Amino acid sequence: MISPPFSAPPTARSALHQKNLVDTVLSLFFAGTETSGTTLSFGFLLLLKNPDVLEKIQAEVDRVIGEHCLPALEDQAKMPYTNAVIHEVQRFNDIFPFSIPHSVIKDTHFRGYYLPKDTTVYCILSSALKDPHHFEKPDASYPGHLLDAEGNFRKQEVFIPFSMGKCLCLDESLAHAELFLFLTSMLQNSLGPPKALEDIDLTPKTEGLGRVCPPFQVCFLPHGGG
Ligand code: HEM
């Protein structure tokens, strides 16, 4: 039983009111759709620009899932290359370079700096995602960053596109499930760029704190189709 009712105006004592409910649902939709959609768009753009990567990931999709079955989450464990590409798309495109703003809730001393209560702080995710000590080619898209010498998927500790610690994305596992299922089911088709590789521009657009994918065109053809 919820008391006071959801429709009651905000009070200092309760967070259970209509405005908070609407704001929370909107946050969930925004946080959970734009992010995965943007990452998928960047993924397809990168695959168009890198036909060798596209060929390898499609070979894995053909081998493990085939043309006629729907992908299932259990397939992920058998698809290290696909997994590495998905993670590399996130690392390279770095859609929230500064995560989202937070503020310190009390006067804080941190590594020689004094941060008075309510100071806004940003966690620079890029500094980890593009760290040359952990990624051989930090400014290139290179799935080998997330594979070991035997071709097994290896997640790095500095892979933090969902941020880290207490200020973490609410649903990293849902995001990864979505990215895997959408990407692999779409790669059961052949895809190709309608324009020359050198004309494909990977430069992201900046919108607020995030990076979004530039518009592009892609052709999907059923396997063996013309
Ligand atoms: C590729 C996909 C995604 C990326 C890169 C991503 C990244 C992030 C980042 C960096 C934050 C900020 C963390 C912070 O500093 O507080 C965040 C917060 C959040 N994310 Fe995600 N996210 C993704 C998908 C999702 C999905 C699928 C959901 C599910 C509904 C989701 C729900 C949320 C929510 C509710 C927050 C706010 C958490 C809070 O303030 O406590 N995200 N996400």
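Order of listing sets the numbers, starting from 1, for every ligand and every atom in it. Remember, predicted model here, so these are calculated numbers, not experimental data.
Atoms of ligand 1 found under 4.0 Å from any heavy atom of Q90, numbered from 1 in the order shown, are 1 (C), 5 (C). Atom numbering of ligand 1 starts at 1 in the shown order; those under 4.0 Å from a heavy atom of T39 are 1 (C). Each of the following atoms of ligand 1 lies closer than 4.0 Å to a heavy atom of H102: 14 (C), 15 (O), 16 (O).
For OH of Y114, the number of neighbouring non-hydrogen atoms (other residues, nucleotides, ligands) closer than 6.0 Å is greater than 12. Atom CZ of F98 has 12 or fewer neighbouring heavy atoms from other residues, nucleotides or ligands inside a 6.0 Å radius. Within 6.0 Å of atom CD1 in I105, 12 or fewer heavy atoms from other residues, nucleotides or ligands are found, so the atom counts as exposed in its surroundings.
A donor-acceptor distance shorter than 3.5 angstrom exists from the side chain of D131 to the backbone of H133, with no hydrogens or angles considered. Using a distance-only test at 3.5 Å, with no hydrogens or angles considered, no donor-acceptor pair links the side chain of Q188 to the main chain of L70. K130 places a side-chain N or O within donor-acceptor distance of the main-chain N or O of F92, the cut-off being under 3.5 Å. Within the 3.5 Å criterion, the main-chain N or O of A15 finds a donor-acceptor partner in the side chain of N20.
The protein atom (non-hydrogen) at minimum distance from atom 10 (C) of ligand 1 is P161 O, 3.5 Å. Here the protein heavy atom with the shortest distance to atom 12 (C) of ligand 1 is S99 OG, 3.4 Å. The protein non-hydrogen atom at the shortest distance from atom 41 (O) of ligand 1 is L168 O, 4.7 Å. Of all protein heavy atoms, the one closest to atom 30 (C) of ligand 1 is L28 CD2, 3.6 Å. From the protein, the heavy atom lying nearest to atom 13 (C) of ligand 1 is C167 O, 3.4 Å. Protein heavy atom closest to atom 9 (C) of ligand 1, with residue, atom name and distance, is F96 CD1, 4.0 Å.
In this structure, atom 39 (C) of ligand 1 has no protein heavy-atom contact shorter than 4.0 Å.
Because its NZ or CZ atom is not both nearer than 6.0 Å to the ring centre of F44 and within 45° of the ring axis, K49 does not count as a cation-pi partner of that residue.
Protein contacts to atom 21 (Fe) of ligand 1 involving N, O or S atoms at a distance below 2.8 Å are C169 SG.
The six-membered or imidazole ring of H145 lies away from that of H134, with a centre-to-centre distance of 6.0 Å or more.
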Handout entry: side-chain contact (heavy atoms from CB on, under 4.5 Å) evaluation trace for L47 with L187
Key = CA-CA 10 Å; L47 289 176; L187 288 177; 4.1 Å; yes

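Residues passing the ring-ring contact (aromatic ring centres under 6.0 Å, His included) test with F182: none are found, sequence neighbours excluded.
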